[in-house]
There are 4 protein chains.
Amino acid sequence: MESAPKQTSAIEGAAKLRPAGDKYQRILDAAISVFAEKGFQAARVSDVADRACVADGTIYLYFRNKEELLVTAVNIAFDAFMSRARSELALIDSPAEKLRRIAQLHLEALGSNHDLAVVFQMELRQSAHLLAPFSRQHMIEYFDLLRQAIRQGQAEGTFRPNLPDKIAAKCFFGALDEMVTAWLLDHSNYKLSEVADIAADIILIGLQK
Amino acid sequence: MESAPKQTSAIEGAAKLRPAGDKYQRILDAAISVFAEKGFQAARVSDVADRACVADGTIYLYFRNKEELLVTAVNIAFDAFMSRARSELALIDSPAEKLRRIAQLHLEALGSNHDLAVVFQMELRQSAHLLAPFSRQHMIEYFDLLRQAIRQGQAEGTFRPNLPDKIAAKCFFGALDEMVTAWLLDHSNYKLSEVADIAADIILIGLQK
Amino acid sequence: MESAPKQTSAIEGAAKLRPAGDKYQRILDAAISVFAEKGFQAARVSDVADRACVADGTIYLYFRNKEELLVTAVNIAFDAFMSRARSELALIDSPAEKLRRIAQLHLEALGSNHDLAVVFQMELRQSAHLLAPFSRQHMIEYFDLLRQAIRQGQAEGTFRPNLPDKIAAKCFFGALDEMVTAWLLDHSNYKLSEVADIAADIILIGLQK
Amino acid sequence: MESAPKQTSAIEGAAKLRPAGDKYQRILDAAISVFAEKGFQAARVSDVADRACVADGTIYLYFRNKEELLVTAVNIAFDAFMSRARSELALIDSPAEKLRRIAQLHLEALGSNHDLAVVFQMELRQSAHLLAPFSRQHMIEYFDLLRQAIRQGQAEGTFRPNLPDKIAAKCFFGALDEMVTAWLLDHSNYKLSEVADIAADIILIGLQK
DNA sequence: TATGAATGAGAGTTCATTCAT
DNA sequence: TATGAATGAACTCTCATTCAT
């Protein structure tokens with residue numbers, strides 16, 4: 001129903017055309033922004049309402065509770081990323097190029113939206129209890145992209161065949177993930193996507209024959 | 001279900017010097033155990049007190065507040081790890097072997113203490129606001145170990161020279177970190193230290209000429 | 001589960017005079033039904049709107065607030081009862097027969113409309129603060145019927161003369177009232193009007209010489 | 001503003017069995033007083049805390065929630081009444097005298113404690129949903145007292161044998177109950193226990209041969 | 001040191017009511 | 001008339017922390 005703008009500001013023009021959709025989106029944007037700023041636990045629902053310029057109760061017309069605000073925002077962003085990644089990868093043959101492209105997309109997506117990156121890197125793994133099961137499902141989807149490319153490379157003979165694709169995928173993801181975390185802790189004072197190739201290359205060399 | 005953290009036992013000698021020092025340790029152990037089980041936010045101070053078999057108020061004789069419980073427990077564990085790592089690495093010449101050893105120590109330390117691993121992987125990065133500054137200091141120490149080994153390898157000519165050591169270190173750490181996270185999400189149903197060499201090798205090959 | 005209150009249909013004729021007058025009635029019926037099911041406090045205005053198949057806001061075109069829904073529904077039912085009781089009693093000479101007839105009408109009215117009975121017995125006396133003043137006015141009207149019959153019996157010499165008619169009326173009403181309450185708590189699994197004569201006789205004997 | 005319930009002081013001895021007698025009792029007294037004044041729903045827990053001169057949170061050391069405050073207060077009062085009634089009735093032989101004594105005890109107990117009477121008559125029957133099941137159990141206990149006396153009178157030949165004891169008991173209770181309700185609506189401006197004999201006599205004559 | 005009863009600030013959520021359409 | 005999206009006040013309960021003993 002609703003679209004998931006990566007750049008919320010970019011969408012705003014179109015969003016104005018739909019009064020109802022406008023509020024939904026404004027609340028989601030405000031949520032990401034407030035959660036990134038204060039942390040999910042410390043953020044009050046009324047903070048989100050204030051930033052979205054709606055009444056507290058209005059939030060509950062669109063979301064069941066505070067947690068659903070977080071989950072929905074993340075889902076939308078993640079689905080948008082996966083959808084884009086899948087369509088881009090379909091155009092690429094080489095497994096190495098596929099992995100390189102994933103690295104670029106991953107770091108571009110989070111590098112272009114600081115607040116979303118904070119939520120993904122910090123809040124989303126805060127608790128093995130609250131969000132892990134949900135987050136785990138996303139991880140599996142993402143990892144499938146990686147593992148398919150790795151197995152393809154192994155089948156084609158360009159990647160080392162005796163390497164467990166699951167572990168290789170974890171190394172690849174872990175390296176990218178750490179790029180994002182470090183970028184945030186460094187106050188995002190460089191362009192995240194610039195390190196995509198360097199990081200991807202280190203792992204790719206490790207994978208290749 | 002409860003496990004007695006190895007690294008905390010290192011403290012016990014000093015703690016015995018003051019009366020009732022075992023309470024200090026019991027509280028820390030209980031804190032890690034409760035935080036791992038319920039998450040830091042959901043855990044109540046009285047849960048920790050119950051598990052440590054002390055009164056609620058007693059905890060405040062040893063720790064200023066709930067957060068200091070977490071910080072202290074993590075600090076002790078981290079210091080024990082760093083101390084051990086430093087002394088072990090002093091005995092190793094080869095940069096590649098140093099990195100391999102770090103990987104082993106990292107995964108052994110967390111693989112042998114599930115609760116501590118949960119706290120490190122989940123709770124510790126929950127908030128860029130609460131713990132990041134503290135966590136960041138630790139990261140720098142750890143990363144220095146990695147970066148020194150990498151630069152040594154580059155100086156010796158065994159590692160690729162044009163690779164930024166900071167990024168390389170992030171890849172290495174990120175890969176190990178993801179091994180731990182995945183192990184926890186997989187319900188720790190295999191031995192974590194067994195994947196140390198596989199992961200280390202992938203990165204090492206990427207680093208080497 | 002839903003029942004269409006008899007006494008409200010008496011109003012329908014008048015309601016038809018204005019457009020969409022059936023909505024007024026539908027809302028009242030829905031209110032009694034929902035209040036009986038959930039209790040006045042727990043019932044939401046939107047529950048009533050849903051059951052009446054109107055929008056929430058529509059209710060406020062007919063009633064000032066939630067409380068007025070209850071008051072109006074009860075008033076209408078009570079007025080219908082009083083009007084019927086007065087016209088029936090006008091045809092009866094004997095004071096004892098009058099009281100007997102009141103008992104029958106009382107238990108028939110509530111016995112034939114479970115939801116209305118719940119509202120009368122439970123919700124209506126829930127609060128000395130909310131409804132007591134309103135309820136008190138009704139009580140006085142009803143009690144006047146009883147007291148007139150009692151005083152008539154005393155004047156005619158068939159009832160004990162030294163008995164305060166006010167107290168006698170309370171005994172009579174209290175007995176009937178308890179019949180209704182007990183019937184509801186017994187899940188209405190017998191015909192309420194069947195106990196009218198038994199209860200009335202006990203009090204009547206107590207009143208008579 | 002505050003009223004010191006008589007009957008609760010009588011209970012205090014037993015209250016020692018409960019945690020921390022003084023505060024526990026003060027909270028219960030305050031609860032009855034506040035509930036009577038504002039009604040259960042409208043009363044805020046902080047009102048009760050204020051009147052008991054304790055912090056809001058203290059109430060939750062003794063009672064699970066607001067509802068348990070009401071239920072406990074009523075239980076204690078009811079148990080005290082039943083206990084007294086049972087021991088007094090054991091000393092009386094005549095069924096008629098037994099019923100007369102119950103009427104006196106009933107009206108004395110509520111007549112001597114206006115706030116408790118309000119809670120019993122108004123709040124306790126506010127909802128078929130919240131409290132009826134609980135209240136029903138109490139009713140059964142009380143009604144057993146009445147029915148035993150009635151059956152005894154029938155067995156001895158002083159009461160009409162063909163009268164269902166259950167219905168007779170309801171008439172008796174209903175009459176007394178209405179005395180209390182009317183007394184409250186009349187602003188308690190006469191002594192409630194004075195009408196005990198008059199009401200009891202009306203029903204007793206109706207029961208006797 | 002040790003206790004644990006007491007404190008009271010704090011926030012998520014509901015829902016009666018309004019009002020622009 | 002009719003709608004239903006939007007409002008925002010209101011309140012229970014939790015739990016980190018304190019302090020008298």
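Each of A:L61 and D:A55 lies near DNA chain E, and the nucleotide nearest D:A55 is the one positioned closer to the 5' end. In terms of position along DNA chain E, the nucleotide closest to B:C53 lies nearer the 5' end than the nucleotide closest to the other residue of the pair B:C53 and D:T58.
E:dT17 atom P lies 18 Å from atom OH of C:Y62, rounded to whole Å. Regarding C:I59, its CD1 atom lies at a distance of 14 Å from the C1' atom of E:dT18, rounded to whole Å. With rounding to whole Å, D:K23 atom NZ is found 16 Å from E:dG4 atom P. Rounded to whole angstrom, the span from the CG atom of A:D50 across to the C1' atom of F:dG8 amounts to 11 Å. Per the geometry, OH belonging to D:Y24 stands 15 Å off P belonging to E:dA5, to the nearest Å.
We find the CD1-NZ distance between B:I27 and B:K23 to be 8.0 Å, quoted to the nearest 0.5 Å. From A:Q121, atom CD reaches atom CG of A:L116 across 9.5 Å, with rounding to the nearest 0.5 Å.
Scanning DNA chain F for stems, defined as runs of 3 or more consecutive Watson-Crick or G-U wobble pairs whose donor-acceptor distances all fall under 3.5 Å, gives the following ranges: E:2-21 with F:2-21.
Residues D:Y60 and D:N65 approach most closely at CE2-CA, 3.9 Å, considering heavy atoms.
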Contact list (N/O, under 3.5 angstrom) for nucleotides 9-13 of chain E vs protein:
residue: E:dG12; atom: OP1; partner: A:A43; partner atom: O; Å: 3.3
residue: E:dG12; atom: OP1; partner: A:K66; partner atom: NZ; Å: 3.2
residue: E:dG12; atom: OP2; partner: A:V45; partner atom: N; Å: 2.8
residue: E:dT13; atom: OP2; partner: A:Y60; partner atom: OH; Å: 2.8
residue: E:dT13; atom: OP2; partner: A:K66; partner atom: N; Å: 3.1

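Relative orientation of the B:Y24 and B:F63 rings is parallel, given thresholds of 30° and 60° on the angle between their planes. Between A:F78 and A:H138, the ring planes lie parallel to each other; the angle is under 30°, not in the 30° to 60° tilted range.
In this structure, B:K66 contributes its side chain and B:A43 its backbone to a donor-acceptor pair below 3.5 Å.
Residues B:R51 and B:D47 are not paired through a salt bridge, judged by the lack of any N-O separation under 4.0 Å between the basic side chain and the carboxylate.
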